[in-house]
Amino acid sequence: MIMKKRGKFLSVLAGLIFVGALAATASARELEPVVTTAWLEKNLDKVIVLDVRKVEEYRGGHIPGAVNVAYGSWAIKRGELLNELPADDDLRDVLGSAGIEPASKVVVVGKTATPADRVDATRVAWTLIYAGVSEVSLLSGGYDKWVADGKAVSTEAVRPRAKDYRGRFHKDLVVTKAAVAAALGKGVIVDVRERDFYEGKKKLPFVERLGHIKGAVSLPTSTMYEADGTYKAKDALAALAAAAVGADRDREIILYCDTGKFCTAWWFMMRELLGYKNVKVYDGSMMEWAKDPAAPMEP
Amino acid sequence: MDAGLLKDDVHFAGGCTPCHGGDDTQTDKDLAHRGKVKRPSEDLSLCGKCHGATAARYSKALHYTTAGFRHVVTKRMNHKEARDYNERVFEQSCRSCHATCGSCHVKAPAVGGISIGLIKGHRFVRRDEGKTCAFCHGGRVYPEYTGDYGGKADVHYQKGMMCMDCHSAGALHGDGRAYRFKEEVKGRPSCRDCHRPGNEERLTTRIAHLRHEGKVSCYGCHSAGEYRHCFECHEGGAQSKADFVLGLSPKNNRTVTTLRLVPTVRDSFKKQGVTMTHYDRLPNYWDAPVHNIRKRTDRTRSCEACHEEKRGFIVKERLIKNGSRSNAGVLYEPRPIPAKP
């Protein structure tokens, strides 16, 4: 009887150790969050390069071996809101058809010519992590930098072998309007739009009101890039982030922009590169918030 | 011009003048350009010198004749009106939208006064849908397909397919017969070319397909949602609006499908002195092969979306004001799901 109990205890203990080891493995990154063209060139066989440019651009030339799923499949219009997450089953299909599994090491590559181009890749990277892909990186400077650096380009379209994607979704990475309202005065709310938008001097046509969410601090997305579309060095990014949100890595931080796309750039850097553990995206962003006359805004 | 290209491509073997005319013995630019032909492939016989069979077929293809514009709208007219329309509107305006050989293989056409110019530095390209199809079909179909309207990208685009993966070169060049409109063309792409009902993995999907066979088009269930409708484009001040419209196909009056608003209004050709005596013969809504297909939509997820909530089905109150009397024919009310015994 005692032997039986001890055996059961040992097997539970072994199980706990195994689960703990798995968790530790899951949180340990082998892949740097931001990779350079030189690194990627040497490691093409170790990662899935996910090209999120349009199909016609991909067909015109891409990183050898890259698979293509254009941005429009990763973020959809839901009701009135732009750049929303697809339904879970649709997202699983998109991931599976790209040959991506939860344990895949994925480097997301997009264009970097314009500010809007640059955040296609970060929004997709955020979506992959949301869907449970544990190792996701960004190519600094994107495809433009790859070409500018004279790296090899292929026009041979890659047809990935489809997988049955079974990752666990991290629903806690995205917050609703109600959660933002509850966080007012408690967590840090970050507006990543440009200063004129934050200060209420400008707004996009589909945003109902000028200004920012009450109490939000400003950290524009544009500050994280060098002129050539590559990311600034980690120290510089850390200083920018700390100046806006402080150095407490455990505090809740909610990021927003106009539609939930630009804010994924700082989300990625804060969580994946700088170690902020509790960073979330308000997907509805100003498009949703400013529509509600009761939602507090300033100035 | 790229000197290497001049050397490598047989199209340039005789220099510029065989296609563009002018005088290549002159050193003065103005003299050299005298008699220059801007769009040489307007004359199909030029390309036909080497590509005779293709040019002959293409001379009757709808992309060249644009006959579809003429034959549908003239159903709203009597014989005299149709003749006037043909002279004063079609030949003067609509006809300019035809695609020459060069429009798809050398220089993207100007649409609304905007052109991206040469497709690839005056190379003769086999296909480049993003710079050719996308321009003429960029008002509605193409951005629907790519998701650029902020909707959902078509699942075929997600999987890397472009226009010509379904719409073959053979179909675009035509089969040598002069068709009046696209529905007459044989061998048009069909969903069933690749997706045959009856082999579905899930039983519920198989049953859904069998139950709706002939009653609902593939688009009716698998269009992801809103697509573009154009208003008042013949009245000046054209506008477009996203909407999702389900109703009976005007073509067969039996199948529920996605419909798109036709921008022809009662006085579309008033300025040209052309009236439409039989305007009410055709509805203002027409079958829309919407290129935003998804495996799952509101309607594939839930029977109630159509049979209880009637989502997207056009009702009398939503029909356009002062529209055709035939519009009533597209209205359809789905039946409720029978209660389980």
Side-chain angles (χ1 to χ4, degrees), chain A residues 50-62 66-100 116-117 120 123-124 155-162 164 204-206 258-261 287, chain B residues 108 116 119-121 123 125-135 137-138 142-166 201-202 205 222-228 241-244 291-298 300-302 311:
Chain A
L50 176 63
D51 188 329
V52 300
R53 294 174 305 142
K54 298 179 82 168
V55 175
E56 44 276 46
E57 292 165 338
Y58 170 83
R59 285 193 177 188
H62 55 262
V67 297
N68 174 231
V69 183
Y71 179 78
S73 297
W74 299 101
I76 60 159
K77 185 180 177 196
R78 191 188 294 281
E80 293 293 305
L81 299 178
L82 298 170
N83 290 309
E84 296 293 296
L85 283 162
D88 292 357
D89 48 7
D90 284 340
L91 192 48
R92 278 192 200 100
D93 276 358
V94 176
L95 285 153
S97 68
I100 295 171
D117 286 339
D120 280 0
R123 170 82 196 195
V124 174
T155 52
E156 197 180 317
V158 174
R159 288 198 177 275
R161 181 177 291 179
D164 183 13
L204 293 178
F206 55 75
D258 281 314
T259 68
K261 186 176 176 185
M287 204 174 176
Chain B
I116 57 160
I119 296 167
K120 208 173 180 183
R123 273 173 209 283
V125 300
R126 289 184 84 82
R127 56 186 273 192
D128 195 338
E129 296 99 315
K131 290 180 181 166
T132 53
C133 311
F135 258 68
H137 299 278
Y142 194 76
E144 271 161 26
Y145 186 61
T146 59
D148 282 346
Y149 274 151
K152 292 175 187 169
D154 193 290
V155 67
H156 302 92
Y157 187 73
Q158 176 199 313
K159 299 200 175 187
M161 292 170 70
M162 289 297 290
C163 315
M164 292 188 67
D165 292 325
C166 293
E201 215 170 276
R202 292 179 61 205
T205 312
H222 289 283
S223 164
E226 290 181 338
Y227 46 91
R228 291 272 149 166
K241 199 176 89 173
D243 202 357
F244 180 74
H291 283 56
N292 64 356
I293 297 300
R294 299 299 303 177
K295 183 175 169 182
R296 300 183 195 88
T297 66
D298 290 355
T300 67
R301 287 178 196 278
S302 149
R311 262 186 250 166

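Chain naming here is simple, since letters A, B, ... match the order of the sequence lines and numbering starts at 1 in each. What's counted below: heavy atoms across the whole structure, side chains too, no hydrogens, waters or symmetry copies.
- If you take CG on Asn68(A) and NZ on Lys159(B), they are separated by 13.5 Å, rounding to the nearest 0.5 Å.
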Working note: Lys152(B) + Asp90(A), criterion salt bridge (charged side-chain N to carboxylate O under 4.0 Å, His left out); need CA distance, chi angles, decisive distance, verdict.
CA-CA 11 Å; Lys152(B) 292 175 187 169; Asp90(A) 284 340; 5.3 Å; no
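- Contact count against chain A (heavy-atom pairs under 4.5 Å) is highest for Arg301(B) among Arg301(B), Glu129(B), Met161(B), Arg294(B).
- Ala75(A) touches chain B through its backbone: at least one of N, CA, C or O sits under 4.5 Å from a heavy atom, while the side chain does not.
- Proximity to chain B (any heavy atom under 4.5 Å) is shown, for Arg78(A), by neither the backbone nor the side chain.
- For Val94(A), the parts lying under 4.5 angstrom from a heavy atom of chain B are both the backbone and the side chain.
- With a 4.5 Å cut-off on non-hydrogen atoms, Lys131(B) does not touch chain A at all.
- In terms of non-hydrogen atom pairs under 4.5 Å with chain B, the most contact-rich of Asn83(A), Val69(A), Asp89(A) is Asp89(A).
- For Arg59(A) (side chain) and Asp128(B) (main-chain N/O), no donor-acceptor pair under 3.5 Å exists by modelled atom type.
- Glu56(A) CD to Thr146(B) OG1: the interatomic distance, rounded to the nearest 0.5 Å, is 7.0 Å.
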